[in-house]
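Remarks on the structure that follows.
FYI, side chains are in, hydrogens and waters are out, and symmetry mates aren't considered; it's all heavy atoms of this structure. Atoms within each ligand, like the ligands themselves, are counted from 1 in listed order.
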Amino acid sequence: MAQIKTIGILTSGGDAPGMNAAIRAVTRSAIFSGFKVKAIYRGYRGLITDEIIEFKTQNVSNIVQQGGTILKTARCKEFTTPEGRQQAYDVMRKHGIDALVVIGGDGSLSGARVFANEYDVPIVGLPGTIDNDLYGTDHTIGYDTALNTIMWCVDRIRDTATSHERLFFIEVMGRNAGFLALNGAIASGAEAAIIPEISTEVDQLADLIKNGFRKSKNSSIVLVAESPITGGAMGLAERVRTEYPNYDVRVTILGHLQRGGSPTAQDRILASRMGAAAIDALLEGQRNVMIGDSNDEIVYVPFTKAVRKNKPIDPSLLETLRRLSI
Ligand code: F6P
């Protein structure tokens, strides 16, 4: 393998709190180990359109606490085409970039996998997404902050839900995964979570109503994972209005609120450890792996495994939620 001298770094897909801490850790660890760092703006798009500058240690000063990504991000259609990837490769070579660190979610790492196979480029991925849906890592960067934001919001909604004795469906992000909904529900003391992982198996709404949730209480909060499978909070509220008209139902969609804000200590530490580990991985000759954390240890997860669509939900969490909401 050719010796790596210059490492390119980019963030791609939906931003996540802690991405800046990861950019800082990658940049400083790379410089510490004698590499040059090239910062690529706007994800894969910037690799195609040549938005690249060299980063020194001071370029990443004072960012560990900032949400979003100083490198900007994009979802880039051109990179899904062979022509787009050829252009990206040419720009990479022009800048003398020998290896890439890609910080992003499922789509970004899938793109990295294709690119790495096509052009034999060493790439290391960092799991940057609030969804926590990447296989092989217990946590993704941004997930803990988003969970805390959800908890903060639900605490406030509970005040009005209790005052009016209402049923609230609160929709949270997660794309096709229910981690934010399920753990957000446990953290905020919600009565239930409706998640795509089990929605096809049972009618979760009918179950909730049948089991008489909220009979002894004067408000109900149900976290709903955004997904066509769950029907979303709007869909469920519509069903309640027609099928169970006795409930006074309201909907809150938390939306992009969940992606912003200063990262929690946990996300900053995770991002810092993973960023440093990305450089260790390249030094060890690793390529086409995502850095993961498993039982608090850093692990290397091959891209093919990381982007598998079936990261499992721990069923004991559902049972805990059920037990604690009686
Ligand atoms: O993957 C992160 C995420 O926030 C998902 O939870 C959500 O479905 C999606 O991105 C929203 O994407 P956008 O900001 O492009 O609308």
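Contacts with ligand 1 closer than 4.0 Å are made by side-chain heavy atoms of Arg259 only, the backbone lying farther away.
Remark: Tyr41 OH to Thr11 OG1 distance equals 9.5 Å, nearest 0.5 Å.
Summary of contacts: the protein heavy atom closest to atom 2 (C) of ligand 1 is Asp131 OD2, 3.3 Å. Protein heavy atom closest to atom 9 (C) of ligand 1, with residue, atom name and distance, is Arg175 NH2, 3.5 Å.
Remark: Glu297 CD is loosely packed, at most 12 non-hydrogen atoms of other residues, nucleotides or ligands lying under 6.0 Å away. Atom OH of Tyr119 has more than 12 heavy atoms from other residues, nucleotides or ligands within 6.0 Å.
Relative to the ring axis of Tyr89, Lys94 does not place its NZ or CZ within 45° and under 6.0 Å from the centre.
The option with the heavy atom closest to atom 12 (O) of ligand 1, from among Glu226, His256, Arg75, is Arg75.
The closest approach between any non-hydrogen atom of Gly174 and ligand 1 is below 4.0 Å.
Residues Phe79 and Phe115 bring their aromatic ring centres within 6.0 Å.
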